[in-house]
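Written out below as structure tokens is the structure these notes cover.
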2 protein chains.
Amino acid sequence: MGIPHRPRGAIKTQSDKHPAAKALHSVGMKVTPQRQGILSVLDFARRPLSVEEISQRLSEPRPGLSTIYRNLERFIQEGWAESMPGSDQIMRFLKCHSGAHHHHIQCEECGCVVEVGACEIEPLLREAKDLGGFTITRHRLQLFGLCPTCLVKPQIG
Amino acid sequence: MGIPHRPRGAIKTQSDKHPAAKALHSVGMKVTPQRQGILSVLDFARRPLSVEEISQRLSEPRPGLSTIYRNLERFIQEGWAESMPGSDQIMRFLKCHSGAHHHHIQCEECGCVVEVGACEIEPLLREAKDLGGFTITRHRLQLFGLCPTCLVKPQIG
DNA sequence: GTAGCTGCAAAAACTTTGCACACAC
DNA sequence: GTGTGTGCAAAGTTTTTGCAGCTAC
């Protein structure tokens with residue numbers, strides 16, 4: 001047990017089994033175990049991960065770091081992932097579940113991230129006068145706070 | 001010529017001449033030419049500068065890069081400067097003229113940055129319900145647009 | 001005079017690149 | 001079979017660290 005038996009004939013590329021494979025297919029990218037692995041790791045992650053962290057979460061044999069870098073770049077191009085530069089030099093990556101305009105809230109305690117769909121900032125900006133004469137074309141909002149779990153949990157110290 | 005003669009007696013530390021020196025003094029940092037230079041470069045910059053760019057704008061003899069890094073770190077601690085991670089790996093630094101909560105608008109064309117003092121986002125966040133149960137503690141808003149100059153100037157292409 | 005600061009050089013950390021081989025299609 | 005993708009290793013960049021000497025105070 002554990003290994004489900006696979007109906008033969010249904011196996012060739014498993015392209016239509018996992019959504020990841022489907023997505024890769026749809027943009028003309030080859031469906032490789034490495035890509036599926038990286039996408040899967042990002043899917044399960046609840047906070048932005050560095051390349052190193054992504055590598056650690058991948059099962060052996062692990063793809064080379066360069067493979068991870070190269071694929072993340074493509075995923076970002078496709079709008080599947082986002083890079084989140086932090087205060088350190090390390091770039092962290094996050095999967096975007098919504099293709100539309102959205103923002104992220106990150107918990108200051110545990111680092112988990114959720115997407116916030118509704119963006120009510122645009123109208124605000126339209127009204128704002130004192131923007132130094134700038135015409136706003138886009139914005140980026142990062143929210144920080146405490147997630148429900150960490151809010152309940154008493155802070156250490 | 002070239003070298004202005006300096007009234008003797010007025011020279012000791014010039015601590016009370018430049019605001020930079022004053023500021024350094026006020027937090028117990030020694031007033032060195034390197035620090036004054038870096039602060040001055042940041043003061044004149046209209047867009048975030050990388051360490052390399054700061055170095056290039058300093059007059060000979062230039063401080064070592066490590067000196068620039070070390071001082072930027074302190075300036076950020078003091079709230080005089082801010083680091084702005086971009087899409088590349090390079091950290092860029094910007095002088096904050098307001099100590100209070102503020103945001104930046106960056107021109108997508110020329111890269112210049114201005115501060116926006118009034119932040120009308122807080123009340124908005126307080127009303128917002130669908131934040132996944134998060135309690136917002138702080139936020140970071142980056143605005144991008146076209147500055148008045150670039151708005152007038154016809155785009156190339 | 002002393003603590004703090006700087007310069008230099010070496011090391012560290014992160015990311016990119018080149019090329020031969022492998023694999024998805 | 002072909003072209004894309006991968007692994008490995010080397011190089012490139014940016015940033016940090018250690019230490020001896022210097023300088024602001």
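Below, chains carry the letters A, B, ... as their sequence lines are ordered, and counting in each starts from 1.
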Whole angstrom value for the distance that separates [atom2] of [N] from [atom1] of [X]:
X	N	atom1	atom2	value
A:L65	C:dT17	CG	P	15 Å
A:Q36	C:dC23	CD	P	15 Å
A:L24	D:dG5	CG	C1'	12 Å
A:L72	D:dT6	CG	C1'	15 Å
A:E73	C:dT16	CD	P	7 Å
A:R35	D:dT6	CZ	C1'	9 Å
B:I90	D:dG12	CD1	P	16 Å

Looking at A:E108, I want to see if its CD is surrounded by more than 12 non-hydrogen atoms of other residues, nucleotides or ligands under 6.0 Å.
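Enclosed.
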Suppose we screen for salt bridge (charged side-chain N to carboxylate O under 4.0 Å, His left out). Which residues come up paired with [X], at least two apart in sequence or across chains?
X	result
B:R62	B:E60
B:R46	none
B:E78	B:R74
A:R140	none

Selection: residues 45-57 of chain A, any non-hydrogen atom under 4.0 Å of DNA chain C:
none
[N] phosphate, OP1 or OP2, under 4.0 Å from [X] side-chain N/O:
X	N	result
A:Q34	D:dG7	yes
A:R74	D:dG5	yes
B:Y69	D:dT16	no

Which heavy atom of [X] sits nearest to which heavy atom of [Y], and what is that distance?
X	Y	value
A:H102	A:C96	NE2-SG, 3.7 Å
B:F134	A:C147	CZ-CB, 3.5 Å
B:C150	B:E109	SG-CB, 3.5 Å

Hydrophobic clusters join Ile, Leu, Val, Met, Phe, Trp and Tyr when side-chain heavy atoms are under 4.5 Å apart, directly or via other members; which others share one with [X]?
X	answer
A:L94	A:M84, A:V113
B:F144	none
B:F44	none

Taking for each residue the nucleotide of DNA chain D bearing the nearest heavy atom, is the 5' side occupied by B:T32 or by B:M91?
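Taking each residue's closest nucleotide, the earlier one in sequence belongs to B:M91.
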Toward the 5' end of DNA chain D, which comes first, A:N71 or B:R92, by nearest nucleotide?
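Residue closer to the 5' terminus by nearest nucleotide: A:N71.
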Nearest of C:dT6, C:dC25, D:dT6 to any side-chain atom of A:T67?
D:dT6
Of all the nucleotides listed (D:dG5, C:dC25, D:dT15), which has the minimum atom distance to the side chain of A:V31?
C:dC25
[atom1] of [X] to [atom2] of [Y]: how many Å apart, nearest 0.5 Å?
X	Y	atom1	atom2	value
A:Q142	A:I105	CD	CD1	12.0 Å
A:F75	A:I38	CZ	CD1	5.5 Å
B:H97	B:L42	NE2	CG	8.5 Å

Listed partners of B:S50 passing side chain to side chain donor-acceptor pair (under 3.5 Å), at least two apart:
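Listed in chain order: B:E53.
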How is B:R70 classified with respect to the nucleic acid when contacts are heavy atoms under 4.0 Å: base, sugar-phosphate, or nothing?
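Contact class for B:R70: base.
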Please tabulate, one pair per line, each protein N/O and nucleotide N/O from nucleotides 9-11 of chain D that are separated by under 3.5 Å, including the distance.
none

Extract from the structure each pairing of a protein N or O with an N or O of nucleotides 1-3 of chain C at less than 3.5 Å, listing the distance.
residue : atom : partner : partner atom : Å
C:dA3   : N3   : B:K30   : NZ           : 3.1

Angle of first-five versus last-five pair axes in the helix from C:dG1-D:dC25 to C:dC25-D:dG1, to 10 degrees
40°
